[in-house]
Amino acid sequence: PTECFLSQPEEKQESTVKAKRRKKKKISDILEKSAPKPGVPADLQNLLSQHFGENRSVIEIEELKLSDSCFLPANDLTHSFSSYLKEICPKWAKLRKNHREKKSVVMLVICSSALRSLELIKSMTAFKGDCRVLKLFAKHIKIKEQMNMLEKGVFHIGVGTPGRVKALVEQDGLFLNSTKYMILDWNWRDQKLRRMMDIPEIKKETIDLLEMSIIKLCREGSVKLGLF
């Protein structure tokens with residue numbers, strides 16, 4: 001009887017542990033219940049502070065801070081991609097005309113995947129006019145191909161993933177000295193309802209790219225950041 005008595009609570013404990021495990025919420029469950037909220041510059045600032053907070057000094061964190069003047073107006077979720085770009089860049093025709101440098105782009109658009117890059121390229125037709133757009137992602141395109149294209153031709157817009165853009169910058173295939181705008185595809189959600197900054201790998205690569213050169217250029221006033 002004693003053995004029976006002892007075995008019962010153990011079973012109960014196991015079943016409660018299993019129930020707790022089952023109850024663990026996925027990010028998609030949380031996001032499904034929350035109403036879409038447009039990203040604002042403070043969201044990116046907080047993200048950088050959280051990421052670097054533990055292993056950087058106060059002075060180093062201060063150097064990574066961006067003033068409000070570094071940001072373009074954020075998307076309030078009412079815009080199409082083309083209408084958003086038209087609003088933040090009214091002088092695009094002039095910028096496009098004056099850009100003649102190889103190995104560089106005037107506008108960089110950073111998103112979470114190759115598929116999303118293609119969607120954004122299609123949806124900017126009304127804005128881009130006859131400018132040249134380069135796909136900057138890894139899927140089916142070798143980095144050497146992209147480096148050759150950048151070396152031989154003049155491109156105005158680059159659309160791709162942070163990992164590939166970072167690799168191109170590191171290998172001197174892409175220079176950011178002519179870049180005026182960097183747009184983060186901040187609000188869009190994938191099938192699992194994750195935004196680009198909800199995906200750990202994409203989040204890390206984006207922050208690495210920002211830290212590598214974009215934050216410095218923003219602080220100097222040559223690049224403006226937009227959250228679409």
Side-chain angles (χ1 to χ4, degrees), residues 44 66 69-72 81-186 196 201-202 204-228:
L44 180 58
L66 295 166
S69 63
C70 296
F71 290 90
L72 296 156
F81 195 41
S82 276
S83 72
Y84 175 69
L85 295 177
K86 279 177 184 176
E87 183 183 286
I88 61 164
C89 187
K91 295 180 181 176
W92 176 248
K94 190 179 176 183
L95 280 170
R96 184 185 78 210
K97 193 178 176 183
N98 294 339
H99 177 65
R100 295 185 182 90
E101 289 182 50
K102 291 173 181 176
K103 285 188 160 188
S104 67
V105 291
V106 181
M107 183 182 286
L108 257 180
V109 181
I110 305 295
C111 54
S112 56
S113 68
L115 199 64
R116 178 62 180 159
S117 299
L118 295 172
E119 281 177 21
L120 285 172
I121 290 167
K122 278 182 188 173
S123 64
M124 67 164 74
T125 308
F127 166 78
K128 68 184 177 71
D130 58 357
C131 78
R132 297 184 75 196
V133 180
L134 186 61
K135 298 166 191 168
L136 299 175
F137 48 78
K139 199 171 187 179
H140 308 310
I141 308 172
K142 289 178 182 173
I143 195 165
K144 282 189 177 177
E145 286 177 46
Q146 288 162 336
M147 287 171 82
N148 287 337
M149 289 172 86
L150 282 160
E151 203 169 352
K152 289 173 184 173
V154 174
F155 289 89
H156 305 89
I157 303 174
V159 185
T161 52
R164 177 49 63 92
V165 172
K166 182 170 152 269
L168 283 161
V169 173
E170 283 171 337
Q171 294 179 41
D172 291 334
L174 176 67
F175 296 126
L176 301 173
N177 54 319
S178 296
T179 303
K180 304 282 180 220
Y181 302 95
M182 180 170 165
I183 314 299
L184 298 176
D185 185 31
W186 190 272
M196 63 183 287
E201 187 187 346
I202 299 297
K204 186 188 179 302
E205 286 172 342
T206 304
I207 291 172
D208 287 347
L209 177 62
L210 287 167
E211 188 195 10
M212 192 167 72
S213 48
I214 299 291
I215 288 173
K216 183 174 176 285
L217 293 168
C218 287
R219 285 170 72 98
E220 289 169 359
S222 61
V223 173
K224 296 274 188 189
L225 274 172
L227 307 181
F228 173 66

Evaluate His99 against Val154 for side chain to side chain contact (heavy atoms under 4.5 Å, CB included), listing each step before the verdict.
CA-CA 8 Å; His99 177 65; Val154 174; 3.6 Å; yes
Would you be so kind as to tabulate the donor-acceptor pairs closer than 3.5 Å made by side chains of residues 207-215, with sequence neighbours excluded?
{"residue": "Asp208", "atom": "OD2", "partner": "Lys204", "partner atom": "NZ", "Å": "2.8"}
{"residue": "Glu211", "atom": "OE2", "partner": "Arg56", "partner atom": "NH1", "Å": "2.8"}
{"residue": "Glu211", "atom": "OE2", "partner": "Arg56", "partner atom": "NH2", "Å": "3.0"}

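- To the nearest 0.5 Å, atoms CG (Leu95) and OG (Ser178) are separated by 10.5 Å.
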Should Leu176 and Val223 be marked as a side chain to side chain contact (heavy atoms under 4.5 Å, CB included) after you check the CA-CA gap, both sets of side-chain angles, and the distance that decides it?
CA-CA 9 Å; Leu176 301 173; Val223 173; 5.9 Å; no
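- The CD1 atom of Ile202 lies 10.0 Å from the CD1 atom of Ile110; values are rounded to the nearest 0.5 Å.
- Within the model, atoms CE of Met107 and CD1 of Ile88 stand 5.0 Å from one another, a figure rounded to the nearest 0.5 Å.
- Across every non-hydrogen atom of Lys86 and Ala126, the tightest pair is CE-O, 3.4 Å.
- Judged as a ring-ring contact (aromatic ring centres under 6.0 Å, His included), the pairs with a partner in residues 206-228 (not counting sequence neighbours) are, in order, Phe81-Phe228, Tyr84-Phe228.
- Residues Leu150 and Gly173 come closest through the heavy atom pair CD1-O, 3.3 Å.
- Annotation: side chain to side chain donor-acceptor pair (under 3.5 Å) contacts involving residues 145-155, sequence neighbours excluded, comprise Gln146-Arg164.
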Does Leu120 form a side chain to side chain contact (heavy atoms under 4.5 Å, CB included) with Ile183? I'd like the steps, not just the answer.
CA-CA 11 Å; Leu120 285 172; Ile183 314 299; over 6 Å; no
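- In this structure, Leu217 and Thr179 have side chains that are not in contact, with every pair of non-hydrogen atoms separated by 4.5 Å or more.
- Note: Leu134 CG to Leu108 CG = 10.0 Å, rounded to the nearest 0.5 Å.
- Looking at every heavy atom in both residues, Cys131 comes nearest to His156 through CB-ND1, 3.4 Å.
- Counting only heavy atoms from C-beta outward, the side chains of Ile157 and Val105 never approach each other to under 4.5 Å.
- Among residues two or more places apart in sequence or in another chain, the side-chain hydrogen bond (donor to acceptor under 3.5 Å, both in side chains) test is passed with Gln171 by none.
- Contacts classified as side chain to side chain donor-acceptor pair (under 3.5 Å) and involving residues 108-132 (residues at least two apart or in different chains) are given here: Arg96-Asp130, Arg116-Glu119, Arg116-Asp185.
- Annotation: ring pair (Phe, Tyr, Trp, His ring centres under 6.0 Å) contacts of Phe137 (sequence neighbours excluded): none.
- Partners of Asn177 by side-chain hydrogen bond (donor to acceptor under 3.5 Å, both in side chains), not counting sequence neighbours, listed by chain and number: Glu101.
- Within 6.0 Å of the NZ atom in Lys103, the count of heavy atoms belonging to other residues, nucleotides or ligands exceeds 12.
- The ring pair (Phe, Tyr, Trp, His ring centres under 6.0 Å) search around Phe155 returns none, not counting sequence neighbours.
- Residues passing the ring pair (Phe, Tyr, Trp, His ring centres under 6.0 Å) test with Trp92, sequence neighbours excluded: Phe127.
- Within 6.0 Å of atom CD in Glu87, more than 12 heavy atoms from other residues, nucleotides or ligands are found, so the atom counts as buried in its surroundings.
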Please evaluate residues Leu85 and Val109 with respect to the criterion side chain to side chain contact (heavy atoms under 4.5 Å, CB included), reporting the C-alpha separation (whole Å), side-chain torsions for both, the decisive distance (0.1 Å), and the verdict.
CA-CA 11 Å; Leu85 295 177; Val109 181; 5.6 Å; no
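- Contacts classified as salt bridge (charged side-chain N to carboxylate O under 4.0 Å, His left out) and involving residues 170-182 (residues at least two apart or in different chains) are given here: Lys166-Glu170.
- Screening residues 219-228 for side chain to side chain donor-acceptor pair (under 3.5 Å), with sequence neighbours left out, gives Lys216-Glu220.
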